[in-house]
Undergrad: 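Mind having a look at this structure? Questions to follow.
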Amino acid sequence: MLIVGAGDTGTALLHILDDISPPPMFVVGLIDDDPQKIGTKISGHPILGGSDTLLDVIREQNVSDLIFAISGEMQGKMFQAVLDAEEQGIEVSTMPVVYEDLLGRVPIFHLDTNWIVRSFVDQARTPAVYEVLKRLIDILGGLIGTLVMIILLPFIALAIMLDTGFPIFFTQRRLGKNGQHYRIIKFRTMRQDSELNGEVRTTDENDDRITRVGIFLRKSHLDELPQFINVLKGEMSLVGPRA
């Protein structure tokens with residue numbers, strides 16, 4: 001476990017962890033962007049670096065979990081570093097959630113308006129019933145969307161084939177929940193040679209790689225219909241962060 005934030009909130013959490021025997025987790029240290037704190041210790045736990053070294057510390061210390069313990073203003077680079085860590089499959093929790101799990105009460109003295117807003121992040125730690133209901137909705141929506149795709153498939157496939165030939169579908173490797181990779185499925189809207197040598201290029205507003213049929217598919221969002229297959233497979237969800 002690595003604690004992000006070496007201020008009052010992070011220090012309070014460390015004291016709680018140190019008072020529990022046996023310790024519920026192994027804390028390798030803390031991360032903080034205050035240069036005066038880096039290299040010092042809090043209750044024997046080292047402050048290992050700032051946001052620029054977060055990913056390196058995670059690799060070097062074999063960190064599996066982050067506890068977010070910044071209750072005040074947070075710099076953009078620290079926020080981005082935490083997001084990058086989460087994309088690599090690191091579990092991110094907030095101090096109030098860990099505090100409540102350990103002691104069974106809410107840390108009133110360490111909460112402010114920002115914590116209330118950030119508590120929405122903790123929706124990732126949802127009960128099993130919510131996850132089951134959400135998955136059922138995804139399956140229902142995925143079935144309806146797939147049915148619509150099957151109905152339109154002959155017409156869209158024929159249009160693509162007459163315009164630029166095969167293939168009909170386009171797949172691309174994407175990063176999903178908890179850093180898991182999967183292949184997203186769409187109707188092809190670009191020329192077959194749009195990514196020479198496998199090099200991915202961002203799409204411009206008037207990209208000359210987009211075919212005539214592709215322009216219509218993109219504007220109508222029909223090109224995204226095959227993604228309902230990803231939803232049925234559990235790789236994507238009807239509601240959630242973009243891939």
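All values reported here derive from a predicted model rather than from experimental measurement.
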Undergrad: Any side-chain heavy-atom pair from Gln192 and Phe166 closer than 4.5 angstrom?
TA: no
Undergrad: Do Val231 and Ser237 come close enough that some side-chain heavy atom pair is under 4.5 Å?
TA: no
Undergrad: Classify the side-chain pair Asp84/Gln88 by whether it contains a donor and acceptor separated by less than 3.5 Å.
TA: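 Gln88 and Asp84 do not have a side-chain donor-acceptor pair below 3.5 Å.
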Undergrad: Quick one: CG on Leu225 to CG on Leu147, what's the gap to the nearest 0.5 Å?
TA: 11.0 Å
Undergrad: Kindly compute the distance separating CG (Asp138) from CG (Leu133), expressed to the nearest 0.5 Å.
TA: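 Answer rounded to 0.5 Å: 11.0 Å.
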Undergrad: Less than 4.5 Å apart, side chain to side chain, heavy atoms only: is that true for Lys37 and Thr40?
TA: yes
Undergrad: Decide yes or no on side chain to side chain contact (heavy atoms under 4.5 Å, CB included) for Phe216 and Leu222, but give the supporting numbers first.
TA: CA-CA 8 Å; Phe216 168 75; Leu222 291 175; 3.8 Å; yes
Undergrad: Given the rule that I, L, V, M, F, W and Y join up when any side-chain heavy atoms are under 4.5 Å apart, are Leu152 and Leu232 in one cluster?
TA: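 Per the 4.5 Å side-chain linkage, Leu152 and Leu232 are not co-clustered.
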Undergrad: Would a single hydrophobic cluster contain both Ile215 and Met190, if residues Ile, Leu, Val, Met, Phe, Trp and Tyr are joined by side-chain heavy-atom contacts under 4.5 Å?
TA: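 Yes, Met190 and Ile215 fall within the same hydrophobic cluster.
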Undergrad: Determine, using the 4.5 Å side-chain heavy-atom cutoff (strictly less than), whether Phe79 and Ile31 are members of one ILVMFWY cluster.
TA: yes
Undergrad: Can you confirm whether more than 12 heavy atoms, excluding those of Arg59, are under 6.0 Å from its CZ atom?
TA: yes
Undergrad: Should Asn230 and Ile184 be marked as a side chain to side chain contact (heavy atoms under 4.5 Å, CB included) after you check the CA-CA gap, both sets of side-chain angles, and the distance that decides it?
TA: CA-CA 7 Å; Asn230 294 116; Ile184 198 171; 3.9 Å; yes
Undergrad: Is there a path of hydrophobic side-chain contacts, each under 4.5 Å between heavy atoms, that joins Met236 and Leu143?
TA: no
Undergrad: Between Asp223 and Arg218, does any NZ, NE, NH1 or NH2 come within less than 4.0 Å of an OD or OE carboxylate oxygen?
TA: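 Result for this pair is no, no salt bridge flagged.
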Undergrad: If the test is side chain to side chain contact (heavy atoms under 4.5 Å, CB included), which one of Val63, Ile67, Asp65 qualifies with Leu2?
TA: Val63
Undergrad: Is any side-chain heavy atom of Lys77 less than 4.5 Å from a side-chain heavy atom of Asp33?
TA: yes
Undergrad: Ile168, Met149: one ILVMFWY side-chain cluster at the under-4.5 Å cut-off?
TA: yes
Undergrad: I would like to know whether Thr211 and Ile160 meet side chain to side chain contact (heavy atoms under 4.5 Å, CB included); could you show each step before the answer?
TA: CA-CA 9 Å; Thr211 64; Ile160 294 174; over 6 Å; no
Undergrad: Please tell me if the side chains of Leu13 and Leu17 come closer than 4.5 Å, counting only heavy atoms from C-beta onward.
TA: yes
Undergrad: So how far is it from Leu83 CG to Gln80 CD, rounded to the nearest 0.5 Å?
TA: 5.5 Å
Undergrad: With a 4.5 Å cut-off on side-chain heavy atoms, are Arg174 and His181 touching?
TA: no
Undergrad: Keeping the roles fixed (side chain from Lys134, backbone from Val239), state whether a donor-acceptor pair exists under 3.5 Å.
TA: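 Yes.
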Undergrad: Looking at CG of Leu140 and CD1 of Ile137, how far apart are the two atoms once the value is rounded to the nearest 0.5 Å?
TA: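 The distance works out to 8.0 Å.
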Undergrad: Grab the two heavy atoms, one from Ala81 and one from Ser51, that are nearest each other, plus how far apart they are.
TA: CB-O, 3.6 Å
Undergrad: With a 4.5 Å limit on heavy-atom distance, are the side chains of Phe228 and Leu238 in contact?
TA: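 Yes. Closest side-chain heavy atoms under 4.5 Å.
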Undergrad: What about the rings of Phe187 and Phe169, do their centers lie closer together than 6.0 Å?
TA: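 Centroid separation for Phe187 and Phe169: below 6.0 Å.
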Undergrad: Between Arg188 and Thr164, is any side-chain donor less than 3.5 angstrom from a side-chain acceptor?
TA: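 Side-chain D/A pair, Arg188 to Thr164: present.
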Undergrad: Between Leu66 and Leu54, is the side chain to side chain contact (heavy atoms under 4.5 Å, CB included) condition met? List the steps.
TA: CA-CA 10 Å; Leu66 293 180; Leu54 176 60; 4.2 Å; yes
Undergrad: Determine the minimum heavy-atom distance between Ala6 and Ile47, stating which atoms define it.
TA: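 The pair with the smallest heavy-atom distance is CB-CD1, 3.6 Å.
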Undergrad: Let me confirm one number: the NE2-CG distance from His45 to Leu30, rounded to the nearest 0.5 Å.
TA: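 Spacing of NE2 (His45) from CG (Leu30) equals 7.5 Å.
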Undergrad: Does Arg212 have more than 12 heavy atoms from other residues, nucleotides or ligands lying within 6.0 Å of its CZ?
TA: no
Undergrad: Can you check whether Leu217 reaches Ile156 side chain to side chain, under 4.5 Å on heavy atoms?
TA: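 Sidechains of Ile156 and Leu217: in contact.
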Undergrad: Roughly how far, to the nearest 0.5 Å, is CD1 of Ile70 from CE of Met78?
TA: 4.5 Å
